[in-house]
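We count residues from 1, following the sequence as given. Indexing begins at 1, ligand by ligand and atom by atom, following the structure's order.
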Amino acid sequence: VNVQQATVDPRFAPLIDRYVEKTKGSREAAARTRPVLADVRIGNRIAAGWKEIVYPIVCDRSQGSRLWDIDGNEYVDLTCGFGVHLLGHNPAFVRAALEEQLARGLHLGAENELAGEVAEAFSDLTGMPRLTFVNTGSEAVQSALRFARTVTGRSTVALFRGSYHGWYDGLATASDPEGASRPGAPGIPQSAVDSLLLLDYDSEESIARLEAAAGTLAAILVEPVQSRHPDVQPSAFLRRLREVATTTETPLVFDEMVTGFRIAQGGAGEYFGVRPDLATYGKLIGAGLPIGVVAGDHEFLDAVDGGAWSYGDDSMPAATRTMFAGTFSRNPLSMAAARAVLGHLRDAGPDLQGDLSRRAAGLVDRLESPTRTSGLPFTLARCGPMFRLDTEDRALRDLLSYHLVLRGVFACETFTWHLSTAHDDADLDAVHDAIVDALAEIAEVWT
Ligand SMILES: Cc1ncc(COP(=O)(O)O)c(C=O)c1O
């Protein structure tokens, strides 16, 4: 493809030339495989002015805080697998656990011998009495809602604008101007979102709506801190949700996919001192292997198996069971990874999250002044070790991620960035310098 022949916004021509030169292998791979590979990962949104550099950076290997692409470029990784790689890429203790498990086999169907041990470790760290495993976060949230609906016998679930709870039909919702729940994307039927009550996040009016809906809701589902808005940390709102959930006898479900084990060892529940009835987790627990966890009170988890019972007496599983399945749930590799990760988190203690948060705060502080003086409409937001350099203008955000790639920082595919325990001071300096330099260059062309 001749870049010069394509439609290029002249403002971005120098960027496009440098970007294509640096990442040509990724570009060729995208051009070659696109006819066959239907790929949601495309790098950045297609805009006419820079269509020529819309392709994902293809990664060859990863270690610690770094990625290497197929052109041999090295990057400090800020995407960190959407928060998966809290402990860095390919940590030695996870690799050893995986190699050991590979040698023993990938048996499914028979109970995995690690599952019980991982459940106990998870329960110890989170204080959640019972839990079960699935393969993804989306599956975990869907399962939590099914358990809540089973126990309450109700169907409507309240959730909040600006949240993300995965991509399943019954959760991918948007609201129309009147506030009614509408399918969030083509292909999702209205019936899938009919039983959702979409409310404003961090709003007293929403509490009143929840009070008014007393006795009709199967669950109140909330991302305690929305990963898209990490600066909003509404402890008073979360406490109000707990109160209204208790008084209306509605299960409160925290989606801790991003906050769990990250903003505190015990996640948002511990951070805000608000205990949910059910919580969903995933991402970092598997260190790159697929995993989701639904954890909570016995009452809800008993919907999986009818509840605990004993040998040698007349006890029987007493709770109503729902359908719960999954060929790959508790798969041996995910369990081995989770055991290694939870053991590491337990041994490191809460200082791990505290140190990471302090380091992220230091970086964000250093970026305040250059961000302000760039004259560009970016704002900084942070919660724990995740942060955003945000703007309403999607094209401007994309432009920033291109400029960061040029400067050896991988900050693609998401605008919530993550620090891992593998990022050292030199990495933070490199990130800082890359962002400052990128902002300066963007400011020259952005009007
Ligand atoms: C808060 C939250 N819930 C659920 C999900 C869905 O998890 P998964 O992508 O593993 O299905 C995500 C993923 O980003 C998330 O951030």
Side-chain angles (χ1 to χ4, degrees), residues 39-41 78-86 126 131-148 157-174 184-185 188 193 196 198 201-202 219-234 238 241 252-264 267-269 271-272 274 276 278-296 326 328-331 333-334 337-338 341 381 383-388 390 411-418:
D39 194 357
V40 71
R41 208 140 288 164
L78 282 189
T79 300
C80 284
F82 309 104
V84 164
H85 304 294
L86 178 83
T126 58
L131 58 116
T132 195
F133 299 105
V134 288
N135 290 296
T136 68
S138 300
E139 205 182 354
V141 180
Q142 174 187 264
S143 306
L145 297 188
R146 185 171 298 173
F147 303 163
V157 169
L159 73 174
F160 299 94
R161 292 191 179 83
S163 301
Y164 179 67
H165 296 294
W167 65 283
Y168 281 3
D169 276 7
L171 284 159
T173 175
I188 299 174
V193 297
L196 298 180
L198 200 54
Y201 178 69
D202 193 18
I220 301 168
L221 171 64
V222 64
E223 235 187 314
V225 179
Q226 298 183 331
S227 60
R228 294 168 182 180
H229 308 107
D231 51 329
V232 183
Q233 296 163 28
L238 295 172
L241 286 184
L252 177 62
V253 185
F254 274 8
D255 185 344
E256 293 248 29
M257 215 61 61
V258 177
T259 49
F261 303 98
R262 189 184 314 275
I263 64 173
Y271 189 84
F272 294 108
V274 176
L278 273 166
T280 55
Y281 304 80
K283 293 201 189 256
L284 70 89
I285 303 160
L289 274 294
I291 194 164
V293 178
V294 190
F328 296 104
S329 295
R330 302 180 303 284
N331 77 78
L333 280 185
S334 295
V341 167
C383 181
M386 59 177 166
F387 65 106
R388 287 173 76 101
D390 218 349
C412 302
E413 307 292 346
T414 175
F415 295 99
T416 300
W417 298 335
H418 294 272

Trainee: Identify the protein heavy atom lying closest to atom 16 (O) of ligand 1, giving its residue, its atom name and the separation to 0.1 Å.
Mentor: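 That would be V258 CG2, 3.3 Å.
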Trainee: In terms of atom number and element, which parts of ligand 1 are under 4.0 angstrom from non-hydrogen atoms of T136?
Mentor: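 So the answer, numbered in order with elements, is 10 (O), 11 (O).
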Trainee: In terms of the angle between their ring planes, are W417 and F387 parallel, tilted or perpendicular, with boundaries placed at 30° and 60°?
Mentor: perpendicular
Trainee: Classify the contact between F82 and ligand 1 as side chain, backbone, both or neither, using a heavy-atom distance cut-off of under 4.0 Å.
Mentor: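 Answer for F82: neither.
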Trainee: Less than 4.0 Å is my threshold; does some heavy atom of K283 fall inside it relative to ligand 1?
Mentor: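 Yes; K283 lies near enough to ligand 1 that a heavy-atom distance drops under 4.0 Å.
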Trainee: I need the atoms of ligand 1 closer than 4.0 Å to a non-hydrogen atom of M257, numbered in the order shown.
Mentor: 1 (C), 2 (C), 3 (N), 4 (C), 5 (C), 12 (C), 15 (C)
Trainee: Just need the protein heavy atom nearest to atom 2 (C) of ligand 1, so name the residue and atom and give the distance.
Mentor: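 Atom 2 (C) of ligand 1 sits closest to the protein heavy atom Y164 O, 3.2 Å.
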Trainee: Can you name the atoms of ligand 1, numbered from 1 with element, that are less than 4.0 Å from a heavy atom of D255?
Mentor: 1 (C), 2 (C), 3 (N), 4 (C)
Trainee: Counting distance only, does the side-chain N/O of T259 pair as donor-acceptor with the main-chain N or O of G267 below 3.5 Å?
Mentor: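 Flag not set: sc T259 to bb G267 has no pair under 3.5 Å.
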Trainee: Does any N or O in the side chain of K283 come within less than 3.5 Å of the main-chain N or O of G137, such that one atom is a donor and the other an acceptor?
Mentor: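 Not confirmed, K283 side chain does not pair with G137 backbone.
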Trainee: Check for a donor-acceptor pair, side chain of S334 on one end and backbone N or O of R330 on the other, with a separation under 3.5 Å.
Mentor: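 Answer holds: no.
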Trainee: Give the numbers and elements of all ligand 1 atoms closer than 4.0 Å to a heavy atom of S138.
Mentor: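 Result: 6 (C), 7 (O), 8 (P), 11 (O).
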Trainee: Is a side-chain donor or acceptor of E256 paired with a backbone partner of A268 at a separation under 3.5 angstrom?
Mentor: yes
Trainee: For a quick test of reading the model, state the closest non-hydrogen atom pair linking Y201 to R161 and the distance between them.
Mentor: CB-O, 3.8 Å
Trainee: Does T416 reach the main-chain N or O of S227 with its side chain, forming a donor-acceptor pair under 3.5 Å?
Mentor: yes
Trainee: Between E413 and T79, is any side-chain donor less than 3.5 angstrom from a side-chain acceptor?
Mentor: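 Side chains of E413 and T79: no pair found under 3.5 Å.
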Trainee: To check your reading of the model: name the closest protein heavy atom to atom 8 (P) of ligand 1, its residue, and the distance in Å.
Mentor: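 Of the protein heavy atoms, G137 N, 3.5 Å lies nearest.
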Trainee: Using a 4.0 Å heavy-atom threshold (strictly under), name the region of H165 that reaches ligand 1: side chain, backbone, both or neither.
Mentor: backbone
Trainee: Closer than 4.0 Å to some heavy atom of E223 - which atoms of ligand 1 meet that?
Mentor: 1 (C)
